[in-house]
Amino acid sequence: MALQLYNSLTRRKEEFRPLEEGRVGIYVCGPTVYGHAHLGHAKSYVSFDVLVRYLRYLGYRVTYVQNITDVGHLTDDADEGEDKIAKAAAKERVHPMALAELYTRSFFEDMDRLCCVRPDISPRASGHVIEQIELVRTLVEKGYAYEVNGSVYFDVARFKAYGKLSGRNIEEMVAGARIEPSPEKRNPVDFALWKRAEPNHIMQWPSPWGMGYPGWHLECSVMAMKYLGRTIDIHGGGLENQFPHHECEIAQSEAANDAPFVRFWLHNNMVTVDGQKMGKSLNNFITLKQASAGKHERLTKAYEPLAIRQLILQSHYRSPLDFSDAALHAADSGYQRIAEAVTGLRRQLKVASEGPTDQDVAGQLDALKAKFEEAMNDDLNTSVALSVLFDLVRLTNTLAGSATRETLGAVDDLFTRLGGDVLGIVKSEYAEAAGGNDEAVGKLVGILIEQRAAARKNKDFAAADAARKRLDEAGIVLEDTPQGTQWRWK
RNA sequence: GGCGGCGUAGCCAAGUGGCCUAAGGCGACGGUUUGCAAAACCGUUAUUCCCCGGUUCGAAUCCGGGCGCCGCCUCCA
């Protein structure tokens, strides 16, 4: 079975075929950089990271574009609100671009830790103002937009397909509107393409309509078409952006180009924390930096970024995901189980003797690979794909000590391809004695292990157990294995 | 008020008409192993999928009603 993806536009799973044979262009709505990335960002970007990785695994040449919003995203209704970045910058008394730069770096750092592959292109909205003005000009010329007092609005009534993605119609929206219609708009559902800037507004550019700045929806249309063409294969983003953001993108792009904007719309579901929507006012807003430092009152410990990735991959990208300390803890244990199996496998691989690959194992590996691909082909069922990794863990842990280098190598290869290349949960290298790559500590623990070994040899188990207990109190766990005593941080 | 989604074991979660007397992970319990542990392995842990009706030879899966939870409709990944 070929790859099937759920297309929000048609509301069903469809076989994915790119416009151009062998190549895929994918655009994912990136962050507005006015704060550190949080668990919601993690779910969205890990989900699309796996999509990109899997497409590459399937042999596609993928161009992955993910924007950085550093201007134009308003805090409020698309007409009256302040620019989020300008607001945060004023509060911290720094230049808006300095603030954007700070959080852009923070974002990349957090995504790297989650093992998300970097996008091929990370375009900034502020670097594409010229193109945005061009698009607005085109829309005005074609009669889809109108200017009022230096601001330009999209005339939604002119675009008949408006609402096709989110399943809404204009009349209902007008009737149910909770916001005060702007006096400048012809229609309450019209949205801003270009906003007039007051003189004290820092981020502003000259345009045919005077000094101003671009509306938020515009940047994605412009950058997607600039780097991927007028019709792109896949556009991804969070479900909450389906309306109005993506609906507006479609309207602008298709009105300007007279061509379909996106073939496959993919939306990931939302994150809750302890069953509630994550929000700053609810005190359940958790950033990735807080999670990996364990510094949040909802968390009992520091969690490795990959434990967060594991939790995300355990559920489906279109299902909501509830973060809780218990859920993270469980995911962390599962993640460690995989890591330990791979570490042990590689340790064994170094000393194994050569010989033919065990055909029974090879057969099992083929079956697991097929099961994995079948799951991923079904709209990226990472939950089942991850279960294949656990099957592989069990297989690894039951391999006889006599397994050949070739057999072990074949298992390691599958771990690397499925767990590493596609899911991004298996590392290419693990620090020796997990987390203990501090040489001095390693040597000291080594000395204590030797002394304990001597005690054990003399059947002085009281001394041996005391040594183990004291190390345990210091946060170091000793494990006696057939390959000798191993240690790791608790 | 309008639109949409969800409700599966102690917890997380896949499955969406027969392969389900329901994956996988965490946890718990029993066993093997170990000087004792740890880890690992083996086994047990939902005859049942929120409730009530209906359709069907057959439903966790489809339909109707109810209850509960969540999201979008204003910025949010």
Side-chain angles (χ1 to χ4, degrees), chain A residues 11 28-32 34-35 37-48 69 73-82 84 87 163 166-169 171-173 175-180 189 216 236-245 267-272 275-280 285 310-311 313-316 318-324 326-338 340-341 344 371 375 378 381-391 393-394 396-398 456 459-462 464-465 468-469 472 477-482 485-488:
Chain A
R11 293 178 182 77
V28 173
C29 283
T32 299
Y34 67 111
H38 51 67
L39 296 173
H41 293 103
K43 176 162 164 73
S44 185
Y45 299 127
V46 165
S47 299
F48 292 112
T69 299
H73 196 166
L74 304 180
T75 54
D76 212 280
D77 164 46
D79 306 308
E80 308 308 326
E82 293 175 82
K84 285 185 167 186
K87 186 183 173 186
S166 52
R168 292 154 205 258
N169 66 61
E171 294 72 42
E172 278 173 6
M173 284 186 282
R178 298 194 313 210
I179 48 171
E180 286 297 308
V189 293
W216 175 44
L239 195 57
E240 82 290 347
N241 275 336
Q242 191 173 44
F243 186 87
H245 187 51
H267 291 98
N268 65 274
N269 215 315
M270 311 290 287
V271 160
T272 53
Q276 281 188 302
K277 177 181 167 146
M278 189 168 72
K280 282 179 175 161
F285 190 89
Q310 173 97 7
L311 179 58
L313 295 180
Q314 270 174 18
S315 73
H316 191 88
R318 283 193 289 115
S319 300
L321 172 59
D322 186 39
F323 274 88
S324 64
L328 262 171
H329 213 277
D332 185 49
S333 298
Y335 166 70
Q336 297 300 343
R337 180 168 148 82
I338 294 170
E340 277 163 31
K371 187 179 167 192
D378 183 15
N381 191 335
T382 53
S383 183
V384 170
L386 203 56
S387 80
V388 172
L389 231 52
F390 282 104
D391 290 339
V393 166
R394 185 164 291 109
T396 302
N397 289 338
T398 49
R456 290 177 72 207
K459 307 272 186 208
D460 183 359
F461 296 121
D465 289 349
R468 185 171 60 194
K469 186 161 181 287
D472 185 78
V477 178
L478 295 191
E479 294 176 358
D480 299 324
T481 75
T485 301
Q486 305 288 333
W487 74 274
R488 62 180 167 81

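All chains are named by letter (A, B, ...) in the order of the sequence lines, taking the proteins before the strands, and each is independently numbered beginning at 1. No experiment lies behind these values; they were computed from the predicted model shown. The figures here come from the full heavy-atom set of this structure, side chains too, leaving out hydrogens, waters and symmetry mates.
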- request: Run the salt-bridge test on A:Asp465 and A:Arg468 with the 4.0 Å N-O cut-off and return the result as yes or no.
  value: yes
task: Please report, rounded to the nearest Å, how far the C1' atom of B:rC3 is from the CZ atom of A:Phe243.
output: 11 Å
task: Please state how far atom CD in A:Glu240 lies from atom C1' in B:rC73, giving the value in whole angstrom units.
output: 13 Å
- request: Pick the C1' atom in B:rG66 and in B:rG7, then give their distance to the nearest Å.
  value: 14 Å
- line: Answer for the Watson-Crick or wobble partner of B:rA59, both distances under 3.5 Å, is none
- prompt: Where do A:Asn397 and A:Ala341 come nearest, in terms of heavy atoms and distance?
  reply: OD1-CB, 4.0 Å
- prompt: Mind checking whether A:Gln310 and A:Leu386 have side chains closer than 4.5 Å, heavy atoms only?
  reply: yes
Residue pair A:Phe461 / A:Arg456: nearest heavy atoms and the distance that separates them: CE2-O, 4.0 Å
query: P atom, B:rA9 versus B:rC49: distance in rounded Å?
result: 10 Å
Passing option when A:Leu311 is tested against A:Leu328, A:Val46, A:Leu39, A:Asp332 for side-chain contact (heavy atoms from CB on, under 4.5 Å): A:Leu328
message: Taking any heavy-atom pair under 4.0 Å as a contact, classify A:Gly40: base, sugar-phosphate, or nothing.
response: base
- request: For B:rU47 and B:rU8, measure between their C1' atoms and round to the nearest Å.
  value: 15 Å
query: Who does B:rC6 pair with, Watson-Crick or G-U, both distances under 3.5 Å?
result: B:rG68
message: Could you measure the distance from the OG1 atom of A:Thr485 to the CG atom of A:Asp480? Nearest 0.5 Å is fine.
response: 4.0 Å
field: B:rG1 pairs with, by Watson-Crick or G-U criteria that keep both distances under 3.5 Å
entry: B:rC73
field: Separation of the C1' atoms in B:rG31 and B:rG17, to the nearest angstrom
entry: 40 Å
Protein-nucleotide distance (A:Met270, atom CE; B:rG71, atom P), rounded to Å: 8 Å
Output one line per pair: protein atom, nucleotide atom from nucleotides 32-41 of chain B, and distance, for all N/O pairs under 3.5 Å.
from   : atom 1 : to       : atom 2 : distance (Å)
B:rG35 : O6     : A:Arg456 : NE     : 3.1
B:rG35 : N1     : A:Asp465 : OD1    : 3.0
B:rG35 : N2     : A:Asp465 : OD1    : 3.4
B:rG35 : N2     : A:Asp465 : OD2    : 2.6
B:rC36 : O2     : A:Arg468 : NH2    : 2.5
B:rC36 : N3     : A:Arg468 : NH1    : 3.0
B:rC36 : N3     : A:Arg468 : NH2    : 3.2
B:rC36 : N4     : A:Asp480 : OD2    : 3.1
B:rA37 : N6     : A:Asp480 : O      : 3.0
B:rA37 : N1     : A:Asp480 : N      : 2.9
B:rA37 : N3     : A:Arg468 : NH1    : 2.8
B:rA38 : O2'    : A:Glu479 : OE2    : 3.0
B:rA38 : N1     : A:Asp480 : O      : 3.2
B:rA40 : O3'    : A:Asn397 : ND2    : 3.1
B:rC41 : OP1    : A:Asn397 : ND2    : 3.4
B:rC41 : OP2    : A:Arg337 : NH1    : 3.2

message: Strictly under 4.0 angstrom, non-hydrogen atoms only: write out the protein contact profile of nucleotides 7-20 of chain B, one letter per nucleotide from the 5' end, B, S or -.
response: ------SSS-----
task: Whole angstrom is fine here: how far is it from CG in A:Leu239 over to P in B:rC70?
output: 16 Å
message: Using 30° and 60° as the class boundaries, would you call the ring planes of A:His38 and A:His41 parallel, tilted or perpendicular?
response: tilted
- request: Both distances under 3.5 Å, Watson-Crick or G-U wobble: report the partner of B:rC29, or none.
  value: B:rG43
P gap between B:rA28 and B:rU61, integer Å: 33 Å
A:Leu478 vs A:Arg488, side chain to side chain contact (heavy atoms under 4.5 Å, CB included): CA-CA, chis, key distance, verdict: CA-CA 7 Å; A:Leu478 295 191; A:Arg488 62 180 167 81; over 6 Å; no
query: For atom C1', what is the distance between B:rA46 and B:rA13, given to the nearest Å?
result: 14 Å
message: If you apply the rule side chain to side chain donor-acceptor pair (under 3.5 Å), what do you find for A:Asp322 with A:Thr272, and how did you get there?
response: CA-CA 5 Å; A:Asp322 186 39; A:Thr272 53; 2.8 Å; yes
query: Expressed in whole Å, how much space separates the P atoms belonging to B:rG65 and B:rC70?
result: 22 Å
query: Mind checking the P distance from B:rC42 to B:rU33? Whole angstroms is fine.
result: 15 Å
